[in-house]
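Quick notes on the structure that follows.
To find a chain, count down the sequence lines: A is the first, B the second, and so on, and within it residues start at 1. These values consider heavy atoms only, across backbone and side chains, with no hydrogens, waters or symmetry-generated copies.
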Amino acid sequence: MSHSPCPIFLSGEPFSSQDHKHEPLLLLLSLLMATLNSLLSRLSSYPTLHQFDQIHAHYITSGLLRSTFVANHLLKSSTFLSPDLTLVLFSQLDYPDLFSYNIAIKSLSQTSHPLKSFALYLSLLIRGFHPNEYTFCFLLDCCSNSLAHLQGRQLHAQLIKHGLNLTMFSSTSLLHTYGCCGSLHDAYQLFDEMPIRSNVSWGAIINNFVTHGELLRGLKLFTLMFRSGFSPTNATLVAILCLCAKQGELDIGRAMHGYIVASGLELNMMLGTSLIDIYSNCGLIGTAMEVFASMPVKNVASCNCLIFGLAKNGHGVKALELFEQMKQELKVRPNGVTFLGVLQACTYAGLVENGVQYFIQMSRDYGIMPSLKHYGCIVDLYGKAGKVKEAMEVIRTMPMNPDNVIWVALFSACRTHGYRELGELMSASFIKLGADDSCGYILLSDAYAIRKRFDDVICIRRMMREMDIKKVPGFSSTC
DNA sequence: TTAGGGTTAG
């Protein structure tokens with residue numbers, strides 16, 4: 001341990017190494033600090049609740065907890081366990097300092113009521129503390145997590161008041177908060193005024209535009225970032241790739257892929273999975289498979305992504321082969337999402353029996369309880385195969401209420417496989433329930449049109465107009 | 001003397 005001349009505060013009393021009459025006491029303190037350092041180092045990694053409780057108890061019995069510095073270490077380590085635990089500990093502090101307040105505010109940002117942190121902010125001001133950049137970063141996290149635009153603006157004013165508005169960390173946090181609250185103009189203005197920027201601040205502003213669907217503006221900034229001498233972080237690349245996958249921007253996705261290869265970046269889980277998503281969404285399933293094969297490490301998300309890609313590109317059997325490979329060769333444990341992909345693959349390949357077996361396997365072998373989405377897949381599996389009665393039986397026996405998606409799957413099956421009257425009856429009941437999903441109306445109107453009941457078709461279409469229900473136009477994401 | 005900004009994936 002170092003014998004720093006820095007005063008150590010125990011019970012509020014400062015001792016200095018320069019004070020000779022306290023030499024025996026200092027020796028004792030040295031021993032105490034050695035023990036303390038050893039204990040603090042045990043807290044520096046991720047403690048288990050049991051370890052935490054042991055150290056907490058030791059601090060209480062030894063009286064060490066009366067030191068705010070020691071209490072702060074305990075407070076910090078409690079954040080690895082639960083924000084509620086941190087807040088309880090904070091409430092028990094007799095003399096919290098700014099550090100303690102900051103940790104408590106940070107913990108509140110991770111709870112379901114982040115804006116309670118403003119009461120702590122007020123309290124620290126009343127106690128005469130001067131908030132620092134940490135305080136504002138954590139408070140802004142609270143605003144971002146609760147989409148509190150007004151409070152974000154109030155903090156902006158406080159930052160100006162405390163002379164911290166142009167610093168890197170607080171500006172980046174603030175522009176992120178503005179972005180989260182949809183205030184892209186404010187975010188951009190702030191970014192524009194920043195005297196110094198980092199690749200994180202570039203990433204934050206690009207992410208703001210990209211997450212709001214403004215791919216071109218994001219890309220413009222992406223180019224500008226290179227010109228300013230900054231390189232994108234993985235987070236920035238993945239944000240752009242995600243939007244490319246969503247919007248079917250194959251050329252941009254390919255250019256990003258080219259950049260990743262040229263700059264020698266490792267195709268990690270995030271980047272690899274995003275590329276698989278783009279290529280499979282754009283119909284280039286072969287390239288998606290090549291990307292998957294070139295990934296040095298695969299996890300459940302990358303496997304799931306390719307299983308879905310194969311299924312929706314009409315390679316149901318290959319998707320099931322990958323599922324088996326995932327379990328046996330890659331030793332990756334499937335999750336609930338994997339089974340959604342597997343069930344969809346069975347539906348597209350018409351493998352009803354296999355699908356039912358996988359549905360059983362999911363809970364029996366992996367302990368995954370089927371969700372509404374899994375039941376939806378089974379209804380669709382039976383429905384598309386013309387087994388309408390089995391599909392109805394699933395709906396009758398499932399432990400939760402069916403949603404619109406499940407009803408629409410059943411209506412479609414009725415229409416496709418000749419159960420027209422049943423489909424009409426269900427669509428009519430669905431509409432009577434006051435559903436605002438356009439599918440029920442469209443299916444019923446189609447059913448009437450097939451039977452040349454055009455007066456009824458007009459009636460349904462009029463109802464849709466009056467209730468302002470619009471059919472979502474079809475679109476293709478392939479290029 | 002302890003903390004920090006963006007974090008993205010079926």
Inset, instruction - Check the surroundings of atom CG in A:Leu216: do more than 12 heavy atoms from other residues, nucleotides or ligands lie under 6.0 Å from it? - result: no
Inset, instruction - Examine A:Phe138 together with A:Tyr121 and report whether their ring centres are nearer than 6.0 Å. - result: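 Judged by ring-centre distance (under 6.0 Å), A:Phe138 and A:Tyr121 do not meet the cut-off.
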Legend entry - Below 4.0 Å: OP1/OP2 of B:dT7 and any side-chain N or O of A:His176: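 Checking A:His176 against B:dT7: at least one side-chain N or O falls below 4.0 Å of OP1 or OP2.
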Inset, instruction - Considering just the side-chain nitrogens and oxygens of A:Asn207, establish if one lies under 4.0 Å of OP1 or OP2 belonging to B:dT7. - result: yes
In terms of side-chain heavy atoms of [X], which of [options] is nearest?
X	options	answer
A:Val238	B:dT8, B:dG5, B:dA3	B:dT8
A:Phe169	B:dG10, B:dG5, B:dA9	B:dG5
A:His73	B:dA3, B:dA9, B:dT2	B:dT2
A:Ala301	B:dT7, B:dA9, B:dT2	B:dA9
A:Cys137	B:dG10, B:dA3, B:dG4	B:dG4
A:Asn72	B:dG4, B:dT2, B:dG10	B:dT2
A:Lys312	B:dA3, B:dG10, B:dA9	B:dG10
A:Thr172	B:dG5, B:dG10, B:dG4	B:dG5

Can you check whether any acceptor in the base of [N] is under 3.5 Å from a donor in the side chain of [X], or vice versa?
X	N	result
A:Ser198	B:dG5	yes
A:Ser173	B:dG5	no
A:Asn102	B:dA3	yes

Provide, to the nearest angstrom, the distance between the [atom1] atom belonging to [X] and the [atom2] atom belonging to [N].
X	N	atom1	atom2	result
A:Glu133	B:dG5	CD	C1'	9 Å
A:Leu98	B:dG4	CG	P	15 Å
A:Phe138	B:dG5	CZ	C1'	10 Å
A:Gln110	B:dG4	CD	C1'	13 Å
A:Ile285	B:dG10	CD1	P	14 Å
A:Phe292	B:dA9	CZ	P	18 Å
A:Leu241	B:dG10	CG	C1'	16 Å
A:Asp141	B:dT7	CG	C1'	12 Å

Inset, instruction - Cation-pi check, A:Lys298 to A:Phe292: give yes when NZ or CZ is under 6.0 Å from the six-membered ring centre and within 45° of the ring axis, no otherwise. - result: yes
For [X], which contact category applies under a 4.0 Å heavy-atom criterion: base, sugar-phosphate, or nothing?
X	answer
A:Asn234	base
A:Asn132	base
A:Asn335	nothing

Inset, instruction - Describe, in one word, how the ring planes of A:Trp202 and A:Phe191 are oriented to each other, choosing from parallel (under 30°), tilted (30 to 60°) and perpendicular (over 60°). - result: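 Perpendicular.
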Legend entry - A:Asp186 with A:Arg153: basic N within carboxylate O range, under 4.0 Å: yes
Legend entry - Worked verdict on A:His374 versus A:Ser371 for side chain to side chain donor-acceptor pair (under 3.5 Å): CA-CA 5 Å; A:His374 292 109; A:Ser371 69; 3.1 Å; yes
